[in-house]
Amino acid sequence: MKRFILLFCFLNTTIMAQQKPFVANYDESKVGAFTLPDPLVMGSKKITTKAEWEKNRGYWLDLFASHMYGKLPKKKLKQVNTLISKKEILGGKAIQSIWKMDFEGKVQATVVVILPTAVKKAPVFLGLNFCGNQTISTDESIPMFDKYVVCNNAPDFVNYVSQPSSRGVWATRWQIEKVIDAGFGTITAACGDFEEDHANGYKNGVRTRLASALGLKPEEWTAMGAWAWGLSRIMDLAQNIQQIDPNKVIVHGHSRLGKAAMWAGANDQRFAAIISNESGEGGAALSRRIYGETIWRITNSFPHWFLPKYATYSDRENELPFDQHILLSLLSPRPVYVASAFGDQWSDPKGEFLSTREMEKVYALYGKKGLGNIEMPGLNQPVGQLIRYHIREGKHDINEYDWEQYIKFGKEELN
Ligand code: GCU
């Protein structure tokens, strides 16, 4: 009988959890009060100098790893980078090369590298794409991605598989020519080459195929971790390409891939600057602010992105030992750009702004400035310098306006 009651209670709470309405709060008056943890207080230790911060920043990385994103492998693998093709594009303004990265014969990833011909050692924007390299440009020599993609809008994608018409469908998200004209390069690979974006994606990705080589069990890390790891491996490739300035690689990402870019930037300090484009919950937005997407919602919809432990903080966000401003603080002292869109309230623009504003405590240890004590700016009015923020008009996307700001940021902050 007792067992029955226990089973009943368990099923009931499980069903209740599933039934919690998928309705988000968009009412500021219902956000509730919260206090943010201080990035400079680590348990009983109070950090007062840059040297102390650098010595102890692992405290926060470990907490993010054990509560949210999972561990990242420490072992280095044999990575074989092979140049598949190379040609001039954009009327000779750029050279496009396709590389294949092979990890122990078990995982392969295809990387597109587009560099300005006029620059000897180019700064580059490095980021993952959602639905295949072929979506960034109509160039026929870019191999069609043949694994699962999250896109499913016919005729370009059918049953989550890319179709020939998907070439260039997301060219506006990459603005390749604008980037080249500004003297920057573009490097990208599909996130699905590291882990397909669904609950069983790990079975076919680096977490399973490289488990023994990397010495990590699949459940010890997450899809976010697999994508962040992929970003660092693309960085390894970039470091070996003569025409790239190894000290000027900017990691960027939109939305879920912005979350991954932030996690990559926090762990891999070779990234010279970091851009989060509408990364929202689990990215730049504060988890304690109950507005738009919440821990409950994200961990129910995308259980593979984070550790199961993160889901246990739903409805008790205040008990999380950190919040996302601390992830941003881990990017110090490098330039960081956080961007929101007004039409993307789901990502909680205000929560993204507030966490960006909170970064400056750590930057101050380096004598560097943050956003200062400012209010949220109006639409299309970027604020800050080394740490920048904008909220633009329009929907959830990364568009020409965003790229204009990122190029300006790259030029000003990486020189
Ligand atoms: C969903 C998800 C977000 C994510 C976004 C995206 O909306 O809830 O957390 O950022 O997809 O990746 O586009």
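Both ligands and their constituent atoms are indexed starting at 1 by order of listing. Index from 1, following the sequence.
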For the CD atom on E28, are there more than 12 heavy atoms of other groups (residues, nucleotides or ligands in this structure) within a distance under 6.0 Å?
yes
Would you say ligand 1 has an N or O under 3.5 Å from any N or O of W305?
no
Closest non-hydrogen atom pair, L331 against A266:
CD2-N, 3.3 Å
At under 4.0 Å between heavy atoms, is it the side chain or the backbone of L257 that contacts ligand 1, or both, or neither?
neither
Hey, which atoms in ligand 1 end up nearer than 4.0 Å to a heavy atom of K259?
3 (C), 4 (C), 9 (O), 10 (O)
Where ligand 1 meets F130 - atom numbers and elements under 4.0 angstrom, heavy-atom basis:
12 (O)
When you check the side-chain N and O atoms of Q134 and S166, is any donor under 3.5 Å from an acceptor?
yes
Answer yes or no: is there a donor N or O on one side and an acceptor on the other, between the side chain of Y291 and the main chain of A24, under 3.5 Å?
no
Record the part of E293 in heavy-atom contact with ligand 1 below 4.0 Å; permitted values are side chain, backbone, both and neither.
side chain
Any heavy atom of H254 under 4.0 Å from ligand 1? The part involved is neither
Residue set satisfying side chain to side chain donor-acceptor pair (under 3.5 Å) with N247, at least two apart, ordered chain then number -> none
H396 N/O under 3.5 Å from ligand 1 N/O
yes
Atom 7 (O) of ligand 1 has as its nearest protein heavy atom W346 NE1, 3.1 Å
Tell me whether the count of non-hydrogen atoms from other residues, nucleotides or ligands lying under 6.0 Å of NZ in K76 goes above 12.
yes
Can you spot which of K395, R392, K259 makes a salt bridge (Lys or Arg N to Asp or Glu O under 4.0 Å) with E278?
R392
Could you identify the single nearest non-hydrogen protein atom to atom 12 (O) of ligand 1 and state the distance to 0.1 Å?
R256 NE, 2.5 Å
Run the numbers for me: atoms of ligand 1, each under 4.0 Å from some heavy atom of I298, listed by number.
9 (O)
Check each of Q108, K147, R233 against D193 using the side chain to side chain donor-acceptor pair (under 3.5 Å) test, and report the only one that passes.
K147
Identify the closest protein heavy atom to atom 10 (O) of ligand 1: which residue and atom is it, and at what distance?
S255 OG, 2.6 Å
With a heavy-atom distance limit of 4.0 Å, tell me whether E278 approaches ligand 1 through its side chain, its backbone, both, or neither.
neither
